[in-house]
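In what follows, every heavy atom counts, from backbone to side chain, and hydrogens, waters and symmetry copies are set aside. Nothing here was measured: the structure is a model prediction, and the numbers come from that model. Counting starts at 1 for both ligands and their atoms, in listed order.
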Amino acid sequence: MAVSTVYTIQPLNSSCSISTQTKSHLGFNQKHQILFYTKRNITTISRSSNNVSVITTCSAEKPVVIGLAADSGCGKSTFMRRLTSVFGGAAEPPKGGNPDSNTLISDTTTVICLDDYHSLDRNGRKEKGVTALDPRANDFDLMYEQVKAIKDGIPIEKPIYNHVTGLLDPPELIKPPKIFVIEGLHPMYDQRVRDLLDFSIYLDISNEVKFAWKIQRDMAERGHSLESIKASIEARKPDFDAYIDPQKQYADAVIEVLPTQLIPDDNEGKVLRVRLIQKEGVKFFNPVYLFDEGSTISWIPCGRKLTCSYPGIKFSYGPDTYYGQEVSVLEMDGQFDRLDELIYVESHLSNLSTKFYGEVTQQMLKHSDFPGSNNGTGLFQTIIGLKIRDLYEQIVATRAESLQTAKA
Ligand SMILES: Nc1ncnc2c1ncn2[C@@H]1O[C@H](COP(=O)(O)OP(=O)(O)OP(=O)(O)O)[C@@H](O)[C@H]1O
Ligand SMILES: O=C(CO)[C@H](O)[C@H](O)COP(=O)(O)O
């Protein structure tokens, strides 16, 4: 039967894309809808009384989109390695592609770096006197179109910003994965892109700690001078404050990294106080809690079951507000002496979204060589990785249910 009359459609769920093309040779079911199935998609056309003709295509396999925001050198790559590991398998640059690609692909995840949407290359920024953090140096229209295309299950030709040459290289093909992560300076800056995110994270590294990490990496590993590191941080600060930092108000989870409060006037930045700020009421995300959900708790676990050397470890948990929104905050100050004993702490945390007892500890032990594995940065990054896996599984299950309902 040719589709020549009037059709309209209610999207089955938010994963459905709507197009105005029509298809012929389809039959109506009892609800006066035309259903058209392929292995991955269900397309539905329904009659309506007005003269609009629309088809929706829904897929149980369209990507779940995650945003990770942070300044440069604040642990995004380390976090991504932990996240990918939760899903199993290693993440690698696209095979046979540009060796300077910023993309990492594993069986489940594709992580793209938003530096690839710099519209001005290094020279262009120098000429115009803008930093890479300035929105004028970035193409948000293209970012939005391409993230939307991936979310709709459509491959893209994404530009590459080459950090070695400072130039924009020819684009690379990115196919829709199961989980699509956009990491970089501005994943939550543009509202259109923000609205495409199923979950968002902000790594909020305090200035003191950022400075300590920069010195460790750029001085020890890259041979930069102390003065040049200081100058680079100072030069970025106004734009960081104006364009990057405000994004944290939109994040579903913020990992805040501060100097310890266990050592008076500490300025070494080695022992850290890390806060996991979890927004309440986010779909498919149940915040992790310590002992008793909603209570305010302070816990020093050091003793018979947890070895602690100076300055010890202190956990805190409780409700709070963050940019006017209800959150619950889990905090760890201090560092672990023996990572295998983390199981004792894990057994007191709930809503971890683990698949078996001890999974957090197992993940942390597996990557004990990653930066932050002995403190709250590694612990909370691992926990958020597990929460993202859980969120992904819930979204896929919900879509599958919607498809079943539509078929019935
Ligand atoms: N949790 C941590 N504890 C201590 N140091 C850390 C931690 N995370 C990152 N670092 C330090 O910061 C450096 C940068 O980390 P990473 O490469 O993960 O950050 P990034 O945000 O991806 O950086 P860039 O955007 O510049 O590539 C590491 O080499 C390490 O020195
Ligand atoms: O803030 C950054 C994000 O990683 C970089 O400084 C920005 O992408 C510019 O890169 P480069 O310094 O290699 O020209």
Side-chain angles (χ1 to χ4, degrees), residues 68-84 91 100-104 111-128 130-135 137-139 159-169 181-187 189 201-206 208-222 224 228-229 232-233 235-237 239-240 243-245 255-260 268-276 332 334-336 364 367-382 384:
L68 173 67
D71 197 3
S72 164
C74 286
K76 297 184 297 293
S77 313
T78 311
F79 187 7
M80 282 305 121
R81 287 196 289 161
R82 287 191 197 277
L83 174 69
T84 309
D100 295 328
S101 166
N102 302 307
T103 302
L104 285 173
V111 182
I112 65 155
C113 175
L114 295 179
D115 294 351
D116 289 334
Y117 293 98
H118 288 337
S119 52
L120 296 175
D121 63 14
R122 205 174 282 156
N123 271 334
R125 290 194 302 269
K126 207 169 165 193
E127 274 168 23
K128 292 223 158 54
V130 293
T131 71
L133 301 93
D134 191 316
N138 295 279
D139 187 344
I160 299 175
Y161 176 72
N162 189 320
H163 280 281
V164 180
T165 61
L167 298 170
L168 287 155
D169 283 354
V181 185
I182 59 170
E183 63 95 346
L185 298 170
H186 302 101
Y189 181 80
I201 307 124
Y202 186 92
L203 300 182
D204 188 8
I205 315 299
S206 66
E208 300 93 322
V209 177
K210 204 189 280 188
F211 187 55
W213 288 2
K214 275 257 174 207
I215 289 178
Q216 185 192 321
R217 183 179 73 171
D218 294 353
M219 222 167 128
E221 296 167 22
R222 299 188 179 174
H224 297 189
S228 73
I229 296 169
S232 141
I233 291 181
R236 290 172 73 95
K237 194 154 186 325
D239 283 353
F240 174 80
Y243 309 119
I244 312 303
D245 192 61
I255 299 180
E256 198 174 84
V257 185
L258 304 151
T260 182
E268 265 196 76
K270 287 209 171 114
V271 182
L272 301 174
R273 177 164 78 104
V274 188
R275 304 177 81 227
L276 175 60
M332 176 182 165
Q335 54 195 31
F336 299 110
M364 290 281 283
H367 302 299
S368 55
D369 56 329
F370 286 9
S373 286
N374 65 345
N375 63 35
T377 59
L379 176 61
F380 295 158
Q381 287 178 3
T382 302
I384 289 298

Item to check | Per-atom contacts, ligand 1 versus Gly372 - under 4.0 Å to a heavy atom | outcome: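 Every atom of ligand 1 under 4.0 Å from some heavy atom of Gly372: 1 (N), 2 (C), 3 (N).
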Next on the checklist: Could you tell me, atom by atom, which parts of ligand 1 come under 4.0 Å of a heavy atom of Lys76?
Outcome noted: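 Once the distances to Lys76 are compared, the set is 18 (O), 19 (O), 20 (P), 21 (O), 22 (O), 25 (O).
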Next on the checklist: To the nearest 0.5 Å, what is the distance between CG on Asp218 and OG on Ser232?
Outcome noted: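 Here the rounded value is 7.0 Å.
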Checking a contact table here: which protein heavy atom is nearest [atom], and how many Å away?
atom: atom 29 (O) of ligand 1; result: Arg217 CD, 3.6 Å
atom: atom 1 (O) of ligand 2; result: Arg236 NH2, 2.6 Å
atom: atom 14 (O) of ligand 2; result: Tyr161 OH, 2.6 Å
atom: atom 31 (O) of ligand 1; result: Gln216 NE2, 3.3 Å
atom: atom 22 (O) of ligand 1; result: Ser77 OG, 2.4 Å
atom: atom 18 (O) of ligand 1; result: Thr78 OG1, 2.6 Å
atom: atom 19 (O) of ligand 1; result: Gly75 N, 2.9 Å
atom: atom 23 (O) of ligand 1; result: Gly73 N, 3.0 Å

Checklist entry - Polar-atom distance check: Ser72 versus ligand 1, any N or O pair below 3.5 Å? => result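 Yes, Ser72 has an N/O under 3.5 Å of an N/O on ligand 1.
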Checklist entry - Is the closest N or O pair between Asn375 and ligand 1 shorter than 3.5 Å? => result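 No, no N or O pair falls under 3.5 Å.
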Checklist entry - Taking heavy atoms and a distance under 4.0 Å, where does Thr377 meet ligand 1: side chain, backbone, both or neither? => result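 The part of Thr377 near ligand 1 is the side chain, not the backbone.
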Does [X] approach ligand 2 within less than 4.0 angstrom via side chain, backbone, both or neither, non-hydrogen atoms only?
X: His163; value: both
X: Leu133; value: neither
X: Arg125; value: side chain

Item to check | Any donor-acceptor pair under 3.5 Å from Thr84 side chain to Ala91 backbone | outcome: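 It does not hold such a pair.
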Checklist entry - Is a side-chain N or O of Asp116 found less than 3.5 angstrom from the main chain of Ile112, in a donor-acceptor match? => result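 Here the side-chain-to-backbone pair does not exist.
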Checklist entry - Are His163 and Asp115 linked by a side-chain donor-acceptor pair shorter than 3.5 Å? => result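 Yes, because at least one side-chain N or O of His163 sits under 3.5 Å from a partner of the opposite role on Asp115.
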Item to check | Ser119 and Arg125 side chains, donor-acceptor separation under 3.5 Å | outcome: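 The criterion, which ignores hydrogens and geometry beyond distance, is not satisfied for Ser119 and Arg125.
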Could you check if a side-chain atom of [X] sits within less than 4.5 angstrom of a side-chain atom of [Y], using non-hydrogen atoms only?
X: Asn375; Y: Phe336; answer: no
X: Arg236; Y: Leu133; answer: yes
X: Leu83; Y: Met80; answer: yes
X: Lys128; Y: Leu120; answer: yes

Item to check | ligand 1 contact by Cys74, heavy-atom criterion under 4.0 angstrom | outcome: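 Yes.
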Next on the checklist: Out of Phe370, Phe79, Trp213, who is nearest to atom 3 (N) of ligand 1 when you count heavy atoms only?
Outcome noted: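 Residue with the shortest heavy-atom distance to the ligand atom: Trp213.
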Contacting atoms of ligand 2, where contact means under 4.0 angstrom from a heavy atom of [X]:
X: Ala132; result: 7 (C), 9 (C)
X: Arg122; result: 11 (P), 13 (O), 14 (O)
X: Asp115; result: 3 (C), 4 (O), 8 (O)

Checklist entry - Between His118 and ligand 2, is there a nitrogen or oxygen pair with a distance under 3.5 Å? => result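 Among all N and O atoms of His118, at least one is under 3.5 Å from an N or O of ligand 2.
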Next on the checklist: Tell me whether the NZ or CZ atom of Arg82 lies within the 45° cone about the ring axis of Phe370 and under 6.0 Å from its centre.
Outcome noted: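 Relative to the ring axis of Phe370, which defines the angle, Arg82 lies outside at least one limit.
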Item to check | Partner of Ile205 under side chain to side chain contact (heavy atoms under 4.5 Å, CB included), chosen from Leu272, Val257, Asp71 | outcome: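 Considering Leu272, Val257, Asp71, a side chain to side chain contact (heavy atoms under 4.5 Å, CB included) with Ile205 is found only for Val257.
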Next on the checklist: Set out, in order, the CA-CA distance, both residues' side-chain angles and the distance that settles side chain to side chain contact (heavy atoms under 4.5 Å, CB included) for Tyr161 and Leu167, then state yes or no.
Outcome noted: CA-CA 6 Å; Tyr161 176 72; Leu167 298 170; over 6 Å; no
Checklist entry - Is there a side chain to side chain contact (heavy atoms under 4.5 Å, CB included) between Leu203 and Lys76 once you walk through the steps? => result CA-CA 8 Å; Leu203 300 182; Lys76 297 184 297 293; 4.3 Å; yes
